[in-house]
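Each remark here refers to the structure printed beneath this line.
As the structure is a prediction and not an experimental result, all values here were calculated from the model. As a basis for the values below, the full set of heavy atoms in this structure was taken, side chains included, without hydrogen atoms, waters or symmetry mates. In this chain, residues are counted from 1 in sequence order.
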Amino acid sequence: MRKAAVPKPSKSPAETRRIMAKLATQHPNADTELHYSNPYELLVATILSAQCTDERVNQVTPALFKRYPNARSLAKATTGELEPQIQSTGFFRAKSRSLHGMASTCVERHGGEVPKTMAELIELPGVGRKTANVVLGHALGVPGLPVDRHVLRVSKRIGIARSDDPEVVEQQLCAAMPPAEWTRTSDTLILHGRRICKPRPLCEKCAVRHDCDYYRSLMGTTSRIRSKTGAAEQRVKRG
């Protein structure tokens with residue numbers, strides 16, 4: 001059976017690049033807010049960041065990295081030992097299993113190193129495309145465009161992507177942006193989602209509101225309400 005066609009974004013690749021350039025001026029030098037010094041540390045931090053703030057992860061990881069400075073030392077830890085150390089990040093039982101499984105697989109299959117390809121990374125326990133793209137783009141110098149809830153929300157509202165599927169959104173954004181800008185594109189959209197385009201957006205502070213499908217729909221709704229209210233007021237006056 002043929003798969004349903006994926007709808008195209010309302011913005012062209014050229015428009016997407018122009019919009020991202022505007023957002024880059026609002027969020028200059030956008031980067032991940034997780035603290036790390038090598039691919040292993042970023043992989044651990046990204047696994048811990050699921051359903052947790054980067055700020056909280058950054059409070060937990062210094063002691064964790066000191067105790068387990070590499071995959072080999074982490075693989076020797078038990079989940080029971082890991083759980084209390086990461087409890088404050090939430091979902092600590094599942095995360096402890098992911099960390100132990102990830103480290104053990106790195107030791108068994110990759111000599112204790114973090115693999116450098118998407119295919120190998122997503123075979124590690126607890127690692128999906130988003131996490132893999134974070135590590136590839138930030139720590140390994142390989143173009144990657146992580147799609148989290150902020151990227152999904154912001155890109156769909158603006159109209160530079162059109163799907164609720166993270167992988168489809170990744171494909172749409174990667175098709176519009178040069179590979180060298182993939183990681184920065186994600187970082188910029190994430191910061192915009194955290195600071196401006198929140199679930200309840202601060203549209204008046206947005207640098208691209210006049211390019212945004214969501215904002216235009218809001219303005220259209222407001223105009224229609226004002227028009228109907230004005231007409232009702234005129235009828236009352238005439239009555």
**Prompt:** Has K8 got more than 12 heavy atoms of other residues, nucleotides or ligands less than 6.0 Å from its NZ?
**Reply:**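 No, because the 6.0 Å sphere around NZ of K8 holds 12 heavy atoms or fewer from other groups.
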**Asked** What pairs with H27 under ring pair (Phe, Tyr, Trp, His ring centres under 6.0 Å), at least two apart in sequence or on another chain?
**Response**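 Scan of H27 (ring pair (Phe, Tyr, Trp, His ring centres under 6.0 Å), adjacent residues dropped) gives H192.
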**For F65, ring pair (Phe, Tyr, Trp, His ring centres under 6.0 Å) partners two or more places apart** =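 Ring pair (Phe, Tyr, Trp, His ring centres under 6.0 Å) check on F65 returns nothing, list empty.
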Please check if [X] and [Y] belong to a single hydrophobic cluster, counting links between Ile, Leu, Val, Met, Phe, Trp and Tyr side chain heavy atoms closer than 4.5 Å.
{"X": "V142", "Y": "I122", "value": "yes"}
{"X": "V114", "Y": "Y36", "value": "yes"}
{"X": "L43", "Y": "V107", "value": "no"}
{"X": "I196", "Y": "L191", "value": "no"}

Quick one: closest heavy-atom pair of [X] and [Y], and the distance?
{"X": "R157", "Y": "C212", "result": "O-SG, 3.5 Å"}
{"X": "A71", "Y": "A103", "result": "O-CB, 3.4 Å"}
{"X": "S163", "Y": "K156", "result": "O-CD, 4.2 Å"}
{"X": "A75", "Y": "H100", "result": "O-NE2, 3.1 Å"}
{"X": "I47", "Y": "G126", "result": "CG1-O, 4.0 Å"}
{"X": "R72", "Y": "G112", "result": "NH2-N, 4.1 Å"}

What distance separates [X] [atom1] from [Y] [atom2], expressed to the nearest 0.5 Å?
{"X": "H35", "Y": "E55", "atom1": "NE2", "atom2": "CD", "result": "9.5 Å"}
{"X": "L124", "Y": "M102", "atom1": "CG", "atom2": "CE", "result": "7.5 Å"}
{"X": "R209", "Y": "E204", "atom1": "CZ", "atom2": "CD", "result": "8.0 Å"}
{"X": "K95", "Y": "E83", "atom1": "NZ", "atom2": "CD", "result": "12.5 Å"}
{"X": "S88", "Y": "Q59", "atom1": "OG", "atom2": "CD", "result": "7.0 Å"}
{"X": "T131", "Y": "L42", "atom1": "OG1", "atom2": "CG", "result": "9.0 Å"}

Beyond-backbone contact of [X] with [Y], side-chain heavy atoms, under 4.5 angstrom:
{"X": "H150", "Y": "R153", "value": "yes"}
{"X": "C174", "Y": "P179", "value": "no"}
{"X": "L64", "Y": "L48", "value": "yes"}
{"X": "L74", "Y": "L82", "value": "yes"}
{"X": "P201", "Y": "Y214", "value": "yes"}
{"X": "E170", "Y": "P166", "value": "no"}
{"X": "P9", "Y": "T16", "value": "no"}
{"X": "T79", "Y": "R93", "value": "no"}

Whether the side chain of [X] engages the backbone of [Y] through a donor-acceptor N/O pair (distance < 3.5 Å, no angle test) should be reported.
{"X": "E15", "Y": "S12", "result": "yes"}
{"X": "T25", "Y": "K22", "result": "yes"}
{"X": "R129", "Y": "P146", "result": "no"}
{"X": "T183", "Y": "G144", "result": "yes"}
{"X": "E81", "Y": "T78", "result": "yes"}

**Asked** M20: which other cluster members, linking ILVMFWY side chains closer than 4.5 Å, directly or transitively?
**Response**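 Hydrophobic cluster check, M20: joined to I19, L23, L145, V147, V151, L152, V154, I158, I160, V169, L173, M177, W182, L189, I190, V208.
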Charged N to carboxylate O under 4.0 angstrom, [X] versus [Y]?
{"X": "D213", "Y": "R162", "answer": "no"}
{"X": "E33", "Y": "R194", "answer": "yes"}
{"X": "D211", "Y": "R18", "answer": "yes"}

**Request:** Please lay out, stage by stage, how N133 and S186 fare under the test side chain to side chain contact (heavy atoms under 4.5 Å, CB included).
**Result:** CA-CA 10 Å; N133 272 321; S186 173; over 6 Å; no
**Request:** Might you work through the salt bridge (Lys or Arg N to Asp or Glu O under 4.0 Å) test for E181 and R17, ending with a clear yes or no?
**Result:** CA-CA 10 Å; E181 296 182 25; R17 291 191 291 272; over 6 Å; no
**Derivation and outcome, side chain to side chain contact (heavy atoms under 4.5 Å, CB included), residues R195 and Q26** = CA-CA 10 Å; R195 298 171 177 175; Q26 187 163 19; over 6 Å; no
**Message:** Consider side chain to side chain donor-acceptor pair (under 3.5 Å). Of Q85, E41, K76, which one does Y68 pass it with?
**Reply:**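 Answer to the side chain to side chain donor-acceptor pair (under 3.5 Å) test with Y68 among Q85, E41, K76: Q85.
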